[in-house]
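Reviewing the structure listed below.
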Amino acid sequence: MALLLVQTLNGLQLGIILFLISAGLTLVFGVMNFVNLAHGAQYMVGAYLAAWLIGLTGNFWLGLALTLPATLAFGLALEALIYRHLYNRDPLDQILATFGLILFIDEGVKTIWGAEPISVDTPAALAGGVALMPGLLYPIYRLALIGAGLAVAALLYLIVNHTRVGMRVRAGASNSAMISALGIDIGRLFLIVFGLGATLAGLAGALVAPILSVEPGMGDSVLILVFVVIVIGGVGSIRGAFLGALLVGLIDTLGRAFGPALLDLAMNPSAASQTGRSLTPMLIYLLMAGVLFVRPSGLFPVKR
Amino acid sequence: MNWRAVVPGFGFAALALVPLAARWGPEAYALNLATRALIFALAAMSLQFMLGCGGLVSFGQAAYLGLGAYAAAILARYGGGDLLLEAGTAIPAAALFAVATSAISLRAKGVYYIMSTLAFGQMLYFFFVSLSALGGDDGVTLDARARLAGTDWLASDRAFYYAALAALALGYLLLDRIVGSRFGRVLGAIRQNPLRVRALGFEPFRYQLAACAISAALCAVAGVLLANLNSFVSPAFMTWQRSGDLIVMTVLGGVGSLGGAILGALAYLLASELVSTYTEHSGLWIGPALVLVALRGRGLAGLVWGGR
Amino acid sequence: MSAILRLEGLSKRFGALAVSQDICLELAPGRLHALIGPNGAGKTSLINQISGALAPDAGRIFFEDEDVTRLGLAQRARRGLVRSFQVASLFDGFSALDNVALAAQARAGSSFRFFARAGKAADLNAKARVALDRVGLGERVGRRAGELSHGERRLLEIAVALACQPRLLLLDEPFAGLGVEESAEALALLQTLKTEVTMLLVEHDMEAVFALADDVSVLVGGRLIASGAPEAIRQSPAVREAYLGEEEAA
C-alpha cells in the first residue's frame with residue numbers, strides 16, 4: 001500500500017515533467033505545423049543551464065530564476081537563426097535541420113560541461129522528507145515539483161482559454177489559415193508560441209536537475225515519451241497534453257513497479273518475471289497504438 | 001543509349017573496384033568501412049522507397065534493421081547461421097512487424113504518422129533492451145560469420161564486401177522495377193494526390209501497407225548483413241537516432257531517387273568517418289552541416305546547385 | 001427504365017449551415033442532367049456526397065438500384081460512379097498520358113503487379129491515347145500535367161474521368177475559368193459525349209447549361225426548389241425569383 005502511494009506520486013511527477021515539455025511542443029506542432037525534434041535538446045539545455053547557474057550563484061532560487069530567461073533566449077535564438085526559415089517547408093527539411101541541431105547541442109554540452117553526469121543539490125528549504133504515513137518518508141522536493149507543475153498547468157490553462165493571446169493560439173491550432181484571415185501577425189504569434197514552449201521545456205529541465213543526473217542525451221529519451229504523450233492527447237491540445245502526460249507518467253511508472261508482480265499471479269514466476277520485464281517498458285507504446293487505432297487524431301483532437 | 005541503365009551500371013562497377021583499391025591502403029579498415037557504407041546504403045534505399053516514392057515519412061526504419069540483425073543473431077546461436085536462411089527468416093519477420101504496426105500508423109496522417117512510426121520503433125527497441133535472453137542492453141555476439149549456402153565463402157572480408165554489393169545491386173534493380181510498375185505508379189500517385197487516387201477507385205491504404213512491407217523486408221536484409229559484419233548485435237542498432245541517420249542519408253541524396261539514397265548514405269558515412277578522425281566532437285561539425293543543407297533545401301544537390 | 005441514380009432525403013449540415021436539406025432526386029439513364037444554383041447553394045457538397053467524398057447526415061443514395069450510401073469514394077468509383085473535380089485535380093508530376101493511363105489501370109484489374117513496366121503497358125496506353133484524342137489533347141501526351149495550361153488541364157481532367165469508364169459522370173463546373181474559345185471547344189466535346197454517357201453537370205455557365213441539358217434541377221440554400229425540362233425551368237417564377245432574380249440584382 002505504501003509502495004503504491006510512492007509509485008503513484010513518482011508517476012505523477014514524471015507526468016508533470018512530461019506535461020511541461022509536451023505543452024509547448026504540441027502547440028508548435030499544432031499552430032506552426034513544425035516538426036521540432038530538438039525540443040528535447042532544449043529541455044536538456046535547461047537542465048545544464050540550471051546546474052551551471054545554480055552552481056555559479058550558489059543559490060537554487062536565483063539560479064532557477066536566471067535559467068528561465070536564459071532558455072527563452074536560447075530558444076528565440078534558434079527560432080531566429082533556423083526555425084523561422086523552415087516554416088511552411090517540407091517536414092523532411094525540418095526533420096533534417098532539427099536532427100542536425102540535436103547532434104550539435106548534444107556535442108556542445110559535452111564540450112562545454114564534459115560527458116560526466118552533473119548533480120545538483122536540492123535547495124535547503126525543500127530538503128528532507130515528509131511523512132506520508134507512519135514510517136514512510138517522501139522527499140519534499142518531489143512533492144513541491146508536483147505542486148509547481150500543477151500550478152504552471154493551471155496558469156497555462158488560464159492563459160490559453162481566457163486571454164486574447166490564448167484565443168489566437170487556439171485559433172491557430174485549429175486552423176492556421178484562419179489566423180491570417182483574422183489579420184493576426186503570424187510571425188509574432190509563432191514567436192510567442194515558440195518562446196512559451198522553449199521556456200516550459202527549460203523550466204522542466206531546471207526542475208529535474210536536482211533529482212536526475214544532468215547528462216548529454218538526457219533530452220533524447222524524453223523526446224520520444226513526449227511524442228507518445230502528444231499522439232495520445234491530440235496535436236495542438238493543451239488539455240490532451242496534460243491528461244496524456246499524466247496517463248503516460250502513471251502507466252509507465254506503475255507498470256514497471258507492479259507489472260511483473262501482477263503477472264506472477266497469472267503464470268509461473270520465472271516466466272512472468274521475464275515477460276514482465278520485457279512487456280512493461282512497451283506498455284505506453286501499446287497504449288499509444290490502442291489510442292491511435294480507436295481515435296487516429298488522439299483523445300482530445302482540436303477541431304479542424 | 002539508355003542513361004537510366006548506364007549511370008547505375010557505372011556506379012556499381014566503380015563500387016566493385018573498391019576492394020582492389022583498398023589493397024593499397026589499410027585494407028581491413030577500408031574494407032570494413034566500405035562494407036558498412038554499402039549496408040547502410042541498402043537500408044537508406046529501402047527507406048527512400050517508402051519516403052521518397054511513397055511519401056511515407058517513416059521514423060522507425062532502424063527497427064527493421066534491428067529485426068534483421070537479431071534474426072541473424074538468433075539463428076547463428078542455434079546453428080542456423082547461413083546467410084540465405086537468415087535473410088529468409090528476417091524478411092518475413094520484418095514484413096510482418098511492418099504490416100502490424102503500419103496498419104495502425106497509416107490511420108494517422110502527417111505529423112501523427114511520423115511520431116507513431118517513431119514510437120513503434122522505440123517499442124521494439126525497449127523490447128530487445130529488456131530481453132535478457134539475448135543479452136538485453138549489452139547485446140549478443142555472433143560466434144562466426146554466416147555461411148553462404150553451406151560454403152564458408154563469406155569468411156573473407158573481401159567476399160563479404162561483394163556479398164553486400166550484390167545485395168545492394170539486387171535491391172536497387174528490384175526497387176527500380178517496382179517504382180516503374182503498375183503498383184509503383186499507384187504509389188507515386190498517392191504521394192501526389194491521395195484524394196484523386198481514391199476517386200479513380202484505388203484504396204491507398206492497401207498500396208501503402210504493401211510498400212511498408214517491401215521496404216521493411218529489404219531493410220531487414222541490411223540488418224542481417226550488418227550483424228554479420230560486426231559479429232555483434234545490440235539494441236543500439238535500432239535507436240531512433242539510427243532511424244534519424246537513415247532519414248538524413250535519404251534526404252541528403254535527394255528525395256525520390258533510389259540512387260540518391262545510395263550516394264547520400266555513402267557521403268554521410270564517409271564524411272562522419274572523416275570528421276571523426278580529425279576531431280572528437282564530430283557533432284559540432286556534422287550538425288551545422290545538416291542544418292545548412294536543410295535551409296538550402298533539396299539535399300546535397302540543393303547545396304551544390306542552389307535551393308528551391 | 002429505372003433511375004441510374006436516386007437520392008432519398010439527403011441532408012448534411014456543417015455546424016449551423018445546412019448545405020443539403022432533404023434532397024430527393026432521380027436521374028434517368030442516357031440523359032444529361034444539369035444542377036444549377038447560386039454560389040453557396042451547396043452544389044459541390046452535393047457532388048461530394050454523391051461521389052462518396054463526404055458522408056451525408058441523413059438520407060440514402062442509390063446507384064443502379066444498389067444502396068451505396070455507406071460505400072467510400074473508391075468503391076463507388078469502381079462501380080462506375082465517376083467524378084471530375086472543380087479545381088483540376090491531377091498528378092502534376094506525371095505526364096498527361098500517365099495521368100490517363102493510371103485511370104485506365106484502375107479499371108484493368110489488379111494493380112498489385114510489381115515487375116512489368118507500367119509505362120510500357122500497351123493496352124493501358126492505347127486506352128489513354130483514345131481518351132486524350134477524344135478531348136483534343138492528342139498532341140500533348142508527353143507533357144507533364146503540371147506544365148499544361150489551365151484549359152488543357154480541364155480537358156485532361158475530363159479525359160481522366162472518361163478513362164475510368166463511367167456509367168454516370170459527375171462533372172463539377174468543367175467550364176470554370178475557361179476562355180471563350182476554350183468554352184466553345186468544351187461545349188462541343190460535351191455535346192458528343194452526352195450521347196454516350198449519362199452525366200450530372202454542375203455548372204455556372206447558363207448558356208452552356210441550356211445548350212446541353214435534357215433536365216435541369218435548381219439548388220438554392222441547400223434545397224432543390226425545382227426540377228424539370230430546361231424550358232420549364234427558364235419560365236418558372238419560383239426559379240426566377242430565387243435564383244435568376246438574385247443574379248440580376250447582384
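We use all heavy atoms of the structure for the numbers below, so side chains are in, but hydrogens, waters and symmetry mates are not. Chain naming here is simple, since letters A, B, ... match the order of the sequence lines and numbering starts at 1 in each.
- A/Leu81 is not listed as a side-chain neighbour of B/Val291, based on a closest heavy-atom distance of 4.5 Å or more.
- Between B/Phe126 and A/Tyr285, the angle of the ring planes stays under 30°, which puts this pair in the parallel group of the 30/60° scheme.
- For A/Ile224, the part sitting under 4.5 Å from any heavy atom of chain B is the side chain, from C-beta outward, and nothing else.
- Within the 4.5 Å cutoff, the side chain of B/Trp285 has no heavy atoms near those of the A/Glu107 side chain.
- Proximity to chain A (any heavy atom under 4.5 Å) is shown, for B/Val248, by both the backbone and the side chain.
- Of the possible polar contacts, one joining the B/Tyr112 side chain to the A/Val235 backbone as a donor-acceptor pair under 3.5 Å is found.
- Residue B/Leu124 does not touch chain A at all, counting heavy-atom pairs closer than 4.5 Å.
- When heavy atoms are compared at a cutoff of 4.5 Å, B/Phe59 approaches chain A solely by way of its side chain, counted from C-beta outward.
- Contacts between A/Leu286 and chain B at a heavy-atom distance below 4.5 Å involve backbone atoms as well as side-chain atoms.
- Of the possible donor and acceptor atoms, none in the side chain of B/Arg107 sits under 3.5 Å from a partner among the backbone N and O of A/Arg295.
- Only the side chain of A/Ile102 has a heavy atom closer than 4.5 Å to any heavy atom of chain B.
- At least one side-chain heavy atom of A/Phe99 sits less than 4.5 Å from a side-chain heavy atom of B/Asp245.
- Both the backbone and the side chain of A/Ser297 have a heavy atom closer than 4.5 Å to some heavy atom of chain B.
- If you measure heavy-atom distances from B/Glu280 to chain A, the contacts under 4.5 Å come from the backbone alone.
- Remark: A/Gln94 CD to B/Ile114 CD1 distance equals 8.5 Å, nearest 0.5 Å.
- Residues A/Leu86 and B/Leu295 have side chains in contact (heavy-atom distance under 4.5 Å, counting atoms from C-beta outward).
- For A/Val35, the part lying under 4.5 angstrom from a heavy atom of chain B is the side chain only.
- A/Leu225 does not touch chain B: none of its heavy atoms, backbone or side chain, sits under 4.5 Å away.
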